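Lettering follows sequence order; numbering is per chain, from 1. In this text the structure is predicted, and so the values were computed from the model without any measurement.
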Amino acid sequence: MPELDKNYNHLNVEQKRYKQWEESGFFNPDKLPTKNKKPFSIIMPPPNANGSLHLGHALTIAIEDTIIRYKRMRGYKTLWLPGADHAGFETQVVFEKKLEKEGTSRFEILKEKNGREKLYQMIWDFTQKNKLQMEEQIKKLGASCDWSREKFTLDPSIIKIVYETFKKMYDDGLIYRDYRIVNWCPKHQTALSDLEINWEERNDKLYYVKYYLENDPKKFITVATTRPETIPGDFAIAVHPQNKLYKNFIGQFVINPLIHNRKNYDDKIKVISDPLVDKDFGTGALKITPAHDAVDFEIGKKHNLPLDYQIIDWNGKMNNLAGELEGLKVMEAREKAIEILQKTGALEKIEDYTHQVSVCYKCKTTIEPLPRAQWFIKMTAKPKSGNKSLKDLAIEAVKTKKVVFVSKKFEKVFYHWMENIRDWNISRQIIWGIPIPIYYCENCGKEIVYIKNGQPKKCPHCNHSKFIKETDVFDTWFSSGQWPYATLNYPNGKDFKNFYPTDVMETGWDILFFWVARMIMFGMYNTKKTPFKYIYLHGLIRDKDRQKMSKSKNNVIDPLGIIDLYGADALRFSLIVGNAPGNDPIISEEKIRGYRNFTNKIWNASRFVLMNLNDFDNKTTPLLSKNDKEILKDLKNLIKDVTKDMDNFNFHIASEKLYQYFWHVFADKIIEQNKERLQNKKERATAQYLLITVLETSLKTLHPFMPYITEEIYQMIPTKNKKKFLMIEDWPQKI
RNA sequence: GCGCGUAUAGCUCAGUGGUUAGAGCGUCCGUUUCACAUGCGGAAGGUCGUUGGUUCAAAUCCAACUACGCGCACCA
């Protein structure tokens, strides 16, 4: 019998065991000796290759590894496929911060010769370094994923599939380029999707500005606006068609109160009517600045107003069309505009006004709505080859239960978002990403989708042979949205045939729209199937004060530091127990320490059993007492219960039951009761049998949650028909 | 504006109609002898937000209310 330390020391165990598991090849389903040939697969949400792992990642790994290890023990051919995400915009933002610290910027590098290529290479190297580090962290957590199948979102095989999807959607009429108002971040110099902006409440002012009639300078129409600096870009005043107040103004002209002698345009502004205008807001009259507001742009389009008269540039400064405001930043321009309006008497009054302003979700810079040509995906239109829109496909998949949310509440949230979805802007003006495979003919200007290497030889429209390449790249979610089938080598790969649709998608609820919804749409559109059967959404980890963990708040628990202190098993268990799916778990070091104590309990109870097995013969038939039988019956019932919980994704309940049982039934009662029997010659063998049976069964059921310590002890106990690893043992069903 | 959710011990949370409502941490008392002081024995601590309903039975199902949290949204 080996001499065991008095306290469990995870440092002696974890690395050694992981190496053995990995070398065994059993992480790979093809090498797994399984009775039951049924496949079971999970695609790991690929962490962003732009930093180290945080507790949220540890939670993902803990839950998914628990599921995978459980299913593996149930005899499934289990595949858990790891990967990493280039994470376009997110990574570029992180990298730019790094550049800033080094005293330079993305724009400086882009100025250099081949700057674009150079910057791309720099970020590439950065992500590859991070990726290696992340892999090590995932291994430390004990993740039994198949590293031989690992993928990166910029692998050529992935890009190929992403391009083919783009081409298919383009040919299907779902992809189009349009000039319209986009969410522009002046700091990051890119457009953002509707999901990438946040809304902040601001206490601003509402300015009431008079626009005098051209023909009758005594009469005027008052407009309420929060953005007087955009007045130089006004091309109409719009009122509701049924608004009696302004009936006589419709069709007349007013004079722009802020600018005169506009380039190429009159200073006269027509009063028009449009049902989009709210009769009851402000004065009921709306100034129309097509290039600087989404609603105005829509109205402008309908009424044939100039849409590209942009008076704010891409840096958020007033340009030379802004008259006296030229050169000022937007906020400065606002003050200046008010000054001028006040002087000319055009300012009627100012009111306090609280409203929502959109900001960049990364840098909090106020979003500038600006017109720009962008690539979009139609969400509500039918493709040429089918009769259901992406929106309809996704809604139908959930309605028909092809995909099921483990927490029902997210189903409702999903529907709500889906019902109101608008077209998706997939172009980003950044360099870190997959280029949109489009060329514009230099001659006829038409766009050509070209997804092979190199560039098109001849323009199919005019036979010209010179092209300009699109410089925009895809929104990162356009590629990660295709992750489940792309990683499995769609459409002809063996893995795709064996493992698609995958079984569970487990990820944080914060990316339900960004990622999960898009995966469902892409999966349904491309493969006609949902990419997964169940969606398990976990919460966002908070600290003791309910705060989201972030570096700036200095409340981050570093998973690696915690693992070094208390072990991966303790961390994993504390992430699982009491954490119902979908709720935001609160994790403190005290909780983790508490479950570290549990690992020690397991260690010592096992140590006690092992200390008393030197003469144990696993072939003798035990003489079980009534009480012994009762104990085994209870254990059987526990397993039944726990198995049911595991099948229903109730890991938080299963883990707690196992904890209760091991500590307060096995250690407190069963071991105590049998201490005396072990001293009794007649009863010793039976007591040994009972103890080792309960211990072995407990180890098996605890293994998915605490893989390291259970494996370590399993390797030491003398039981019948032992497998090479506990990892590939059978989940206990009969005792 | 539209929608979703939460309220259980001092704190943070589990609890899938059925004994005496649980866990981690914390508090108090006792305890180092042969598995474990990262332990053991014991104790204090709960009108399960409020009110009403359904039921033989409600923390659990339903409704309203109160408080809090969150998501979505082109009201200038």
field: C1' gap between B/U60 and B/G18, integer Å
entry: 11 Å

task: Can you figure out which of B/C74, B/C13, B/A76 approaches the side chain of A/I586 most closely?
output: B/C13

field: Distance below 4.0 Å between A/R422 side-chain N/O and B/A73 OP1 or OP2
entry: no

task: Pick the P atom in B/A7 and in B/A76, then give their distance to the nearest Å.
output: 35 Å

Side chain of A/N7 - closest among B/U38, B/A35, B/A14: B/U38

- prompt: Nearest-Å distance, NZ (A/K657) to P (B/U16)?
  reply: 10 Å

- request: Evaluate the ring pair (Phe, Tyr, Trp, His ring centres under 6.0 Å) criterion for residues A/F405 and A/F410: first the C-alpha distance (whole Å), next the side-chain angles of each, then the deciding distance (0.1 Å), finally the verdict.
  value: CA-CA 7 Å; A/F405 284 90; A/F410 292 120; 7.0 Å; no

statement: Against the side chain of A/K675, the closest entry in B/A35, B/A76, B/A73 is B/A35

message: Can you confirm whether A/L59 sits close enough to A/P585 that some side-chain heavy atom of one is under 4.5 Å from a side-chain heavy atom of the other?
response: yes

query: B/C13 and B/G46: how far apart are their C1' atoms, nearest whole angstrom?
result: 15 Å

Pairs of donor and acceptor atoms involving the side chains of residues 651-659 of chain A, under 3.5 Å and at least two apart or interchain, shall be tabulated with distances.
from, atom 1, to, atom 2, distance (Å)
A/S655, OG, A/F651, O, 2.7
A/S655, OG, A/H652, O, 3.2
A/K657, NZ, A/D645, OD2, 2.7

- prompt: Is A/R677 close to A/Q673 at the side-chain level, that is, under 4.5 Å between some pair of heavy atoms?
  reply: no

field: Distance, rounded to the nearest Å, where A/E672 contributes CD and B/U33 contributes C1'
entry: 13 Å

query: Who passes ring-ring contact (aromatic ring centres under 6.0 Å, His included) against A/Y714, sequence neighbours left out?
result: none

query: Is there a side-chain contact between A/V330 and A/E368 (heavy atoms, below 4.5 Å)?
result: yes

- request: Check whether any side-chain N or O of A/D569 sits under 3.5 Å from a backbone N or O of A/I709 as a donor-acceptor pair, and report yes or no.
  value: yes

field: Given RNA chain B, 5'-ward residue of the pair A/E656 and A/R596, judged by closest heavy atom
entry: A/E656

- prompt: Hey, are the side chains of A/V254 and A/F220 touching, using non-hydrogen atoms and a 4.5 Å cut-off?
  reply: no

Between the protein and nucleotides 39-42 of chain B, list every N/O to N/O distance that falls short of 3.5 Å.
from, atom 1, to, atom 2, distance (Å)
B/G39, OP1, A/N597, ND2, 3.1
B/G39, O3', A/K601, NZ, 3.2
B/C40, OP1, A/K601, NZ, 2.9
B/C40, OP1, A/W663, NE1, 2.6

field: Integer angstrom distance from the C1' of B/G15 to that of B/A23
entry: 10 Å

message: Check A/K378 with A/D423, please: is the shortest side-chain N to carboxylate O separation under 4.0 Å?
response: no

message: Any residue in residues 405-421 of chain A with a heavy atom nearer than 4.0 angstrom to RNA chain B? Just list them by number, or reply none.
response: A/K409, A/K412, A/V413, A/H416

task: In whole angstrom, give me the gap between the C1' atoms of B/C11 and B/G45.
output: 13 Å

- prompt: Should A/D204 and A/R202 count as an ion pair when the cut-off is N to O under 4.0 Å?
  reply: no

- line: Looking only at heavy atoms, the pair that brings A/I395 and A/F414 closest together is CA-CE2, 4.5 Å

query: Could A/E351 and A/K349 be called an ion pair, given the rule that one side-chain N must be under 4.0 Å from one carboxylate O?
result: yes

field: Heavy-atom side-chain proximity of A/Y207 to A/R334 below 4.5 angstrom
entry: yes

- line: A/K205 NZ to B/A76 P, in whole Å, measures 16 Å

- prompt: Within this structure, what is the CH2-to-C1' distance between A/W199 and B/A76, rounded to whole angstrom?
  reply: 12 Å

- prompt: Roughly, in whole Å, what's the span from CH2 in A/W509 to C1' in B/U6?
  reply: 13 Å

field: Gap in Å between the two C1' atoms, one belonging to B/C70 and one to B/C56, rounded
entry: 40 Å

- prompt: So, A/D5 and A/R607, do they make that salt bridge, N to O below 4.0 Å?
  reply: no

- prompt: Among the nucleotides B/A35, B/A76, B/A23, which one has an atom lying closest to any side-chain atom of A/F281?
  reply: B/A76

field: Within 6.0 Å of NZ in A/K362, more than 12 heavy atoms from elsewhere
entry: yes

query: Contacts to RNA chain B from residues 640-653 of chain A, heavy-atom cutoff under 4.0 Å, which residues?
result: A/D645, A/N650, A/H652, A/I653

message: Are there runs of at least three consecutive Watson-Crick or G-U pairs touching RNA chain B, with each pair's two distances under 3.5 angstrom? Give them by first number.
response: B:1-7 with B:66-72, B:10-13 with B:22-25, B:27-31 with B:39-43, B:49-53 with B:61-65

field: Same-atom distance (P) from B/C62 to B/U6, integer angstrom
entry: 11 Å

- prompt: Closest nucleotide of RNA chain B for A/I592 versus for A/D194: which of these residues is on the 5' side?
  reply: A/I592

- prompt: Which whole-number value in Å describes the distance from A/Y595 OH to B/U38 P?
  reply: 18 Å

message: Between B/G22 and B/C48, how many Å separate the two P atoms, rounded to a whole number?
response: 14 Å

